[in-house]
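For ligands, and for the atoms within them, numbers begin at 1 and follow the listed sequence. Computed from a predicted structure; not experimentally measured.
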Amino acid sequence: MAAILEVKDLQVYYGVIQALKGISFEVNQGEIIALIGANGAGKTTTLQTITGMIPSKGGSIIYDGQDITRMPGYKLVPMGIAHVPEGRRVFAEMSVLQNLKLGAYTRSNKNEIEETIKMVYERFPRLEERKNQMAGTLSGGEQQMLAMGRALMSHPKLIVMDEPSMGLSPIYVNEIFDIIQEINKSGTTVLLVEQNAKKALSIADKAYVLETGNIVLSGDAKELMNNDRVKKAYLSE
Ligand SMILES: Nc1ncnc2c1ncn2[C@@H]1O[C@H](COP(=O)(O)OP(=O)(O)OP(=O)(O)O)[C@@H](O)[C@H]1O
Ligand SMILES: [Mg+2]
């Protein structure tokens, strides 16, 4: 299988503190890859480095055969990378529909944009019901749906998601994970960061476990679910 994303020996610092200590991993086209780990392990840092929001000190990021290590975020969206950031950052003072349209800023074909809005509304009927509501007044779960819907508007090849289930009630959690699987089945590769290791491993093909800036375990997601170290650290309730 061809790798759509190859991260090699990635090193990131915040001042003198090294948050990523040379991590390497691959995401194959069509897969769901989960990145799990405790608070502060470096998961968000990894996604933000890939999406050009923070610079790396060493290592490389290859996407679709191109070196994107030093590429700024705004260049990556038209190349097919979309980011659902941690903490559902939506534009609070804009309506749901305006938020969605902003997600399509790299596209110009109006009919295609309309089609994508329809697709997003089919996946998230709640967003259609509330299309004229200010995004800042949506509930937490609805804002999470909007953040995902907005990312889908760019018609991405690769979507990276940071804790999509954070703060959601159990019903919403299940719904969000179903939708992630649907997005993947429709052809989008998914790199998923999650605290909810159980759910993430249950839908992922492969997974990587991050501890204080290092990848300490990797493999088939279903096998990792049965790994004693993973069970003890991430799956006990
Ligand atoms: N802007 C920053 N300045 C200084 N240190 C930072 C900054 N952002 C993150 N860090 C530190 O880098 C480390 C990794 O943080 P990161 O946000 O990547 O963790 P995470 O795995 O996403 O954690 P969580 O599960 O809590 O979201 C942490 O120790 C954090 O305190
Ligand atoms: Mg994080």
Value rounded to 0.5 Å, distance of [atom1] in [X] from [atom2] in [Y]:
X	Y	atom1	atom2	value
Met225	Asp220	CE	CG	11.0 Å
His83	Gln48	NE2	CD	6.0 Å
Phe25	Leu191	CZ	CG	5.0 Å

Per-atom contacts, ligand 1 versus Glu163 - under 4.0 Å to a heavy atom: 25 (O), 27 (O)

Should Leu35 and Leu10 be counted in the same cluster of Ile, Leu, Val, Met, Phe, Trp and Tyr side chains packed under 4.5 Å apart? yes

Measuring from non-hydrogen atoms of Gly213 to any atom of ligand 1, is the shortest distance under 4.0 Å? no

Any protein heavy atom nearer than 4.0 Å to atom 9 (C) of ligand 1: yes

Sub-4.0 Å protein heavy atom next to atom 31 (O) of ligand 1: no

Is the closest side-chain heavy-atom distance between [X] and [Y] below 4.5 Å?
X	Y	result
Lys21	Thr212	yes
Asn28	Asp205	no
Lys199	Ile176	no
Met153	Asn99	no

If we set the cut-off at 4.0 Å for heavy atoms, which region of Glu86 has an atom near ligand 1: side chain, backbone, both, or neither? side chain

Between the Mg ion (ligand 2) and Glu86, which N, O or S atom of the residue is the nearest one? OE2

Of all the non-hydrogen atoms in the protein, which one sits nearest to [atom], and at what distance?
atom	value
atom 14 (C) of ligand 1	Gly40 O, 3.4 Å
atom 12 (O) of ligand 1	Tyr14 CE1, 3.4 Å
atom 26 (O) of ligand 1	Asn39 ND2, 2.8 Å

Looking only at distance, does [X] have an N or O less than 3.5 Å from an N or O of ligand 1?
X	answer
Thr44	yes
Gly37	no
Ala19	no

With a 4.0 Å cut-off, would you call Glu182 and Lys185 a salt bridge? no

Nearest heavy atom to atom 16 (P) of ligand 1 wins, so pick from Leu35, Thr45, Thr212. Thr45

Confirm or rule out an N/O/S atom of Thr45, from backbone or side chain, lying less than 2.8 Å from the Mg ion (ligand 2). no

